[in-house]
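Letters A, B, ... are given to chains in the order of the sequence lines, protein chains preceding strands, and every chain is numbered from 1.
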Amino acid sequence: MTETPDRTQESNAPKYDFAAAEPAWQAAWEQAGCFTALDVPAGDKPKYYVLEMFPYPSGKIHMGHVRNYTLGDVVARYKRARGFDVLHPMGWDAFGLPAENAARQRKTDPASWTYANIANMRGELKRMGLSLDWSREFATCDPEYYGQQQQIFLDFWKAGLVERKQSAVNWDPVDNTVLANEQVIDGRGWLSGALVERKILSQWFLKITDYAPELLAGLNDLPRWPERVKLMQENWIGRSEGAEVTFKLAGSDDGITVYTTRPDTLFGMSFLAIAPEHPVAKSLAERNAEAAAFIAECASQGTSEAAIETAEKKGFDTGLFVVNPFNGEKFPVWIANFVLMEYGTGAIFGCPCGDQRDLDFARKYNLPVPVVVSPKAGEVPEIGNKALDGDGFIVNSGFLDGMSTKEAKAAAIAKLEEIGAGKSVVNWRLRDWGISRQRYWGCPIPVIHCEVCGPVAETNLPLVLPKDVTFDKPGNPLDHHPTWKHVNCPQCGKAATRETDTFDTFIDSSWYFARFTAPHAKTPTNLSAVKHWLPVDQYVGGIEHAILHLLYARFFTRAMQKTGHVSVAEPFAGLFTQGMVTHESYKDADGNWLYPEEVTKHADGTATTADGRPVTVGRIEKMSKSKRNTVDPGVIIERFGADAARWFVLSDNPPERDVEWTETGAQGAFRFVQRLYRLAETIAAEPKVAKPETFSGEAKKLRQLTHRSILTVTEALETFAFNVAVARGYELAGALVGESPTDPALLWARREAIGILARLLAPMIPHVAEAVNAVLNPGAGLVAEQTWPEADPALTVKDEVTIAVQLNGKLKATITVPVGGSQEANVAIAKAAAAGALKGQTIVKEIYVADRIINFVVKP
RNA sequence: GCGGGUGUGGCGGAAUGGUAGACGCACCGGACUUAAAAUCCGUUGGGCCCUAGGCCCGUGGGGGUUCAACUCCCCCCACCCGCACCA
């Protein structure tokens, strides 16, 4: 009892104990059921569906998740306060390669690894205080989910949206395994190091190309999508108008058909090039060893378009010739590694003067470069190493001479049709969606292959993955399984084989947003629920998904609409794409990457390891495990609290840009949370006064700031300018710092300000907002259940304005005048204010923009 | 290679074609303290002039349109995202 309390320690302790408060407020929200929604709500509250891209359960949340889910949570909490009935669910994109890799390395099975990761990450997300309806949670690897997905696939099949086609995969000839593109490094298998081959397999496809026109046109119905995302999708779908032209092989009745968008340049032909997989190339390879060798070389380039296009342009002269239908001349046929079999007809005609790639190819193999396009009508320009790929005028081209490229296209097509050598066609870059994966940890494709009946639908869903699989040899464990694939045909009863491929995981993420509306329905969707909740009003995720995931989901939704599973065509009415989270990277003297916690930074800007070895501070890069420049959100939340972590990821820059995580920034956020609570305690302890009749001076100014803050924060939240909302929060809080006043009007205004501030910031820092509210109004309800503050219009109108006075556009003075003052009066004031600068100058012109600027154009 | 984006103080960034640098971080100075931390107050784009005060330069680089350009147009550079089997 004689112990003296350590006063130093006590005064050092933060007043706001986030570690105790945050879980307590989370429990209070849960108990009040603030965030649960009904599948089919009664009543007439408007609905708002907020969704963030669900995470892959890698084991721990990362800063990208913290940012993504905080952004979505701000929207969800804000919309709730605005009176919307909000649906804000969370789940797990749980199938995929990492679980199989973990199974191989650690001898665990993918399911238990995945579910353990989910359990851990669920805890971390809950600690963030997100306003999620956890009752809707599911993982895509739950049989309850993927069984419904199998049903959808069978419905698509019946509806004619599924087909079986040949397509190429990356084949590792040593491990006898199909490789993902990311497992191919510099053309070699990541584990075996063997040169990867292109191998053709029979696979399942969804006919996304049937919807190409709709997917393109539908972009016009998405005003709340970023323009750049729509542009990327438009280019990806790649509608082009051109012509198919058939070139007769010299001395044969056979021909090669090319697709071209430049029929106007047919007279500029220099060669014809075909893809290595083109039938003509293949048949040549059968009798020509050199051709076969070249084709094999091309096949070692891998399947990714980037790899093919960045590879050195190479060709093989087949010795064959084709005849140009316009001028009857003969041109050589080459096999070229940059011609894609998947695009157009797998063959092009080469016009070097009008296409850079063709020109590079012609220069490399010394092929002629006939000039047929000119920027000026009638002139024939010199072509160096730069092709004239823009619009212009046609020269040296017979009947096309003198026409613009646009006119010539139409004329050339008309002629082709007239002579029966070609026709006008619309071509799409978009290819059908190959959905077969030769892997275990995915949704089994519910098909049985019968020699008599062909492929037949599995009748007993869900078709569940077998658990007794081994990962001790390469390849697909489903295929290795001793019994799983051997079944009887559901139609004829004869012995048959199960499909051992699983679905592309992009399918899992193409309808989860629909399943969230009724996650426990016995059918894929509950129509009443999807009708009520879809489309998603605000979708939030990374820009890296701008094309594939979002396009697949748009297609899948249309296909589900056709098969009666949903009632809308577009899944996401609003889209926001966030930037990445970055951090400085560090290397030691031996060039090894170091984690931030291994690095000590010094005042002089240098850095060392804990034991004093020098550290090179590298570039700021996207947080990634390989560069070790990651910061664990769990550690950050433990040190600074969930609110501080949320505040920091919102504060430092606009959400669509990359954000750099910095220790000092996190500390700053922590201090703000503390300051806010301290302010509330200070103000709560001030005398409570009745609302005065009038406000003047400082009190009026504070009230004006408070009510303008309502407008500015509201606008910032509506437009995703969360960093601006944060700045306004700092501004209003800053106005409340300092000694407590005695003026009753100011006391009243301060109490009003801190209460409104808490509500304005609650979407961003919900825990401390509750704490502030509780200390100001003990016993009052939760902020999470309050409506959004409303500004008093009388306090938000500006009565004075500061106008810039410029000479020749350069600022010379500012004047503060009543809003709406007359031009005459304001110009007179401006002349007086800038009298010094105007001395000896003649005013040539006055530019007057009311309430903004006065610019005197002057001459000496 | 192709498609899409980004670039503003020491740092993150703000700015309907109209006062560039709001707000924050960091730094520096002051108050409080035996001291430190925390907190509070204040300074801070660069250069120049003799103070008051004023002048010049300045939004990746170069050109252009305009009374006025971070903002619009053209060319270039650097970095980032995507490229169909990573999610």
Side-chain angles (χ1 to χ4, degrees), chain A residues 8 11-12 14 53 55-56 58 93 95-98 169-170 178-184 226-229 231-236 238 303-311 313 338 342 356-357 360 430-439 504-506 509 542-549 551-552 577 579-580 582 605 619 621-622 651-654 656-660 662 664-665 667-669 671-672 674-675 678 721 723-724 726-731 734 737-739 802-814 836-837 844-847 849 852-858:
Chain A
T8 320
S11 61
N12 277 354
M53 291 179 184
Y56 179 79
S58 55
D93 188 12
F95 276 136
L97 276 179
V169 294
N170 297 308
V178 176
L179 299 176
N181 282 337
E182 72 158 8
Q183 296 172 323
V184 179
E227 285 305 319
R228 59 181 167 149
V229 173
L231 196 54
M232 282 191 260
Q233 291 216 349
E234 186 181 325
N235 290 333
W236 185 263
T303 59
S304 91
E305 192 182 313
I308 292 168
E309 298 244 358
T310 50
K313 308 277 172 288
F338 60 86
E342 291 89 354
Q356 190 60 45
R357 209 162 43 175
D360 295 343
L430 183 68
R431 308 199 296 256
D432 274 333
W433 177 9
I435 52 170
S436 298
R437 297 291 181 270
Q438 296 69 40
R439 313 196 188 292
D504 178 7
T505 55
F506 271 124
S509 53
I543 185 67
E544 66 272 21
H545 296 291
I547 297 175
L548 290 179
H549 160 59
L551 191 63
Y552 288 143
T577 52
M580 298 176 302
T582 62
R619 285 183 29 205
E621 303 200 52
K622 177 180 177 176
S651 68
D652 231 30
N653 69 7
E656 66 273 18
R657 294 232 209 131
D658 293 352
V659 63
E660 189 200 349
T662 59
T664 50
Q667 285 170 359
R671 278 203 298 270
F672 179 73
Q674 294 292 327
R675 188 188 313 156
R678 225 175 20 246
N723 57 319
V724 178
V726 165
R728 299 300 162 237
Y730 273 118
E731 193 179 15
V737 167
E739 295 284 298
T802 302
I803 298 179
V805 181
Q806 299 179 335
L807 256 65
N808 292 340
K810 289 196 177 181
L811 181 74
K812 294 295 164 187
T814 58
V844 181
K845 195 175 172 187
E846 276 174 28
I847 311 285
V849 182
R852 270 197 184 278
I853 201 156
I854 299 168
N855 186 16
F856 298 111
V857 184
V858 295

For nucleotides [N] and [M], find the distance between their [atom1] atoms and express it as a whole number of Å.
N       : M       : atom1 : result
rA20(B) : rC70(B) : P     : 9 Å
rG64(B) : rC50(B) : C1'   : 41 Å
rG7(B)  : rG21(B) : C1'   : 16 Å
rA69(B) : rG63(B) : C1'   : 14 Å
rG18(B) : rC27(B) : P     : 35 Å
rC23(B) : rA15(B) : P     : 13 Å
rU43(B) : rU16(B) : C1'   : 33 Å
rA37(B) : rA31(B) : C1'   : 16 Å

Using a heavy-atom cut-off of 4.0 Å across all strands, would you classify [X] as base, sugar-phosphate, or nothing?
X       : answer
K313(A) : nothing
T802(A) : base
T814(A) : base
F506(A) : base
Q438(A) : base
A306(A) : base
V844(A) : nothing
W433(A) : nothing

With rounding to the nearest 0.5 angstrom, report the CD to CG distance, Q438(A) to L179(A).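 Rounded to the nearest 0.5 Å, the CD-CG separation comes out at 10.5 Å.
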
From the list [options], which nucleotide is the closest neighbour of the side chain of [X]?
X       : options                   : result
E182(A) : rG1(B), rC85(B), rC86(B)  : rC86(B)
N181(A) : rC41(B), rC57(B), rA84(B) : rA84(B)
R439(A) : rG82(B), rC85(B), rA84(B) : rC85(B)
M232(A) : rG4(B), rU19(B), rG24(B)  : rG4(B)
E305(A) : rC23(B), rA84(B), rC85(B) : rA84(B)
K812(A) : rC55(B), rC85(B), rG82(B) : rC55(B)
L811(A) : rA84(B), rU19(B), rC85(B) : rU19(B)
R678(A) : rG1(B), rU39(B), rA84(B)  : rU39(B)
R228(A) : rG1(B), rG4(B), rU19(B)   : rG4(B)
I853(A) : rC83(B), rU19(B), rC81(B) : rU19(B)

Can you give the dot-bracket line for RNA chain B, using ( ) for pairs inside the strand, [ ] for pairs that cross earlier ones, | for pairs with another strand and . for unpaired bases, where Watson-Crick and G-U count if both distances are under 3.5 Å? (((((((..(((.....[....)))(.((((.......)))).)(((((...)))))..(((((..]....))))))))))))....

Any side-chain heavy-atom pair of [X] and [Y] under 4.5 Å:
X       : Y       : answer
I803(A) : V849(A) : no
L548(A) : W236(A) : yes
Y56(A)  : T505(A) : no
H549(A) : M53(A)  : yes

Rounded distance in Å - [atom1] ([X]) to [atom2] ([N]):
X       : N       : atom1 : atom2 : result
H549(A) : rC81(B) : NE2   : P     : 19 Å
I547(A) : rG4(B)  : CD1   : P     : 10 Å
R357(A) : rG3(B)  : CZ    : P     : 11 Å
E544(A) : rC81(B) : CD    : P     : 9 Å
H545(A) : rC83(B) : NE2   : C1'   : 15 Å
I543(A) : rG4(B)  : CD1   : P     : 13 Å
R675(A) : rU39(B) : CZ    : C1'   : 10 Å
I308(A) : rC85(B) : CD1   : P     : 12 Å

Looking at the angle O4'-C1'-N9-C4 for a purine or O4'-C1'-N1-C2 for a pyrimidine, is rG54(B) syn or anti, with syn meaning within 90° of 0?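 Anti, angle beyond 90° from zero.
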
Minimum heavy-atom separation for P226(A) to T577(A), with atom names?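 Heavy-atom minimum between the residues: CG-OG1, 4.0 Å.
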
Closest approach of G434(A) to D504(A) (non-hydrogen atoms, all atoms of both residues):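 Looking at all heavy atoms of both residues, the shortest contact is O-OD2, 4.2 Å.
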
Output one line per pair: protein atom, nucleotide atom from nucleotides 63-70 of chain B, and distance, for all N/O pairs under 3.5 Å.
unit_1  : atom_1 : unit_2  : atom_2 : d
rC67(B) : O2'    : N855(A) : ND2    : 3.4
rC67(B) : O2     : N855(A) : ND2    : 2.5

Do any N or O atoms of the protein come closer than 3.5 Å to N or O atoms of nucleotides 14-17 of chain B, and which pairs are they?
unit_1  : atom_1 : unit_2  : atom_2 : d
rA14(B) : OP2    : R657(A) : NH2    : 3.4
rU16(B) : O4     : R852(A) : NE     : 2.5

N855(A) (side chain) donor-acceptor with I847(A) (main chain) under 3.5 angstrom: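 It does not hold such a pair.
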
Checking the side chain of Q233(A) only, and the main-chain atoms of A546(A) only, is there a donor and an acceptor separated by less than 3.5 Å?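 Judged by distance alone, yes, a pair lies under 3.5 Å.
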
Closest-nucleotide mapping onto RNA chain B: is Q667(A) or L97(A) further toward the 5' terminus? I mean the 5' end.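 Taking each residue's closest nucleotide, the earlier one in sequence belongs to Q667(A).
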
Given that G734(A) and N170(A) both sit by RNA chain B, which one's nearest nucleotide is further toward the 5' end?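 Its nucleotide being nearer the 5' end, the pick is G734(A).
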
Look at R431(A) and rA84(B) and indicate whether a side-chain polar atom (N or O) is within less than 4.0 Å of OP1 or OP2.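 It does not, given that no N or O in the side chain of R431(A) lies less than 4.0 Å from OP1 or OP2 of rA84(B).
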
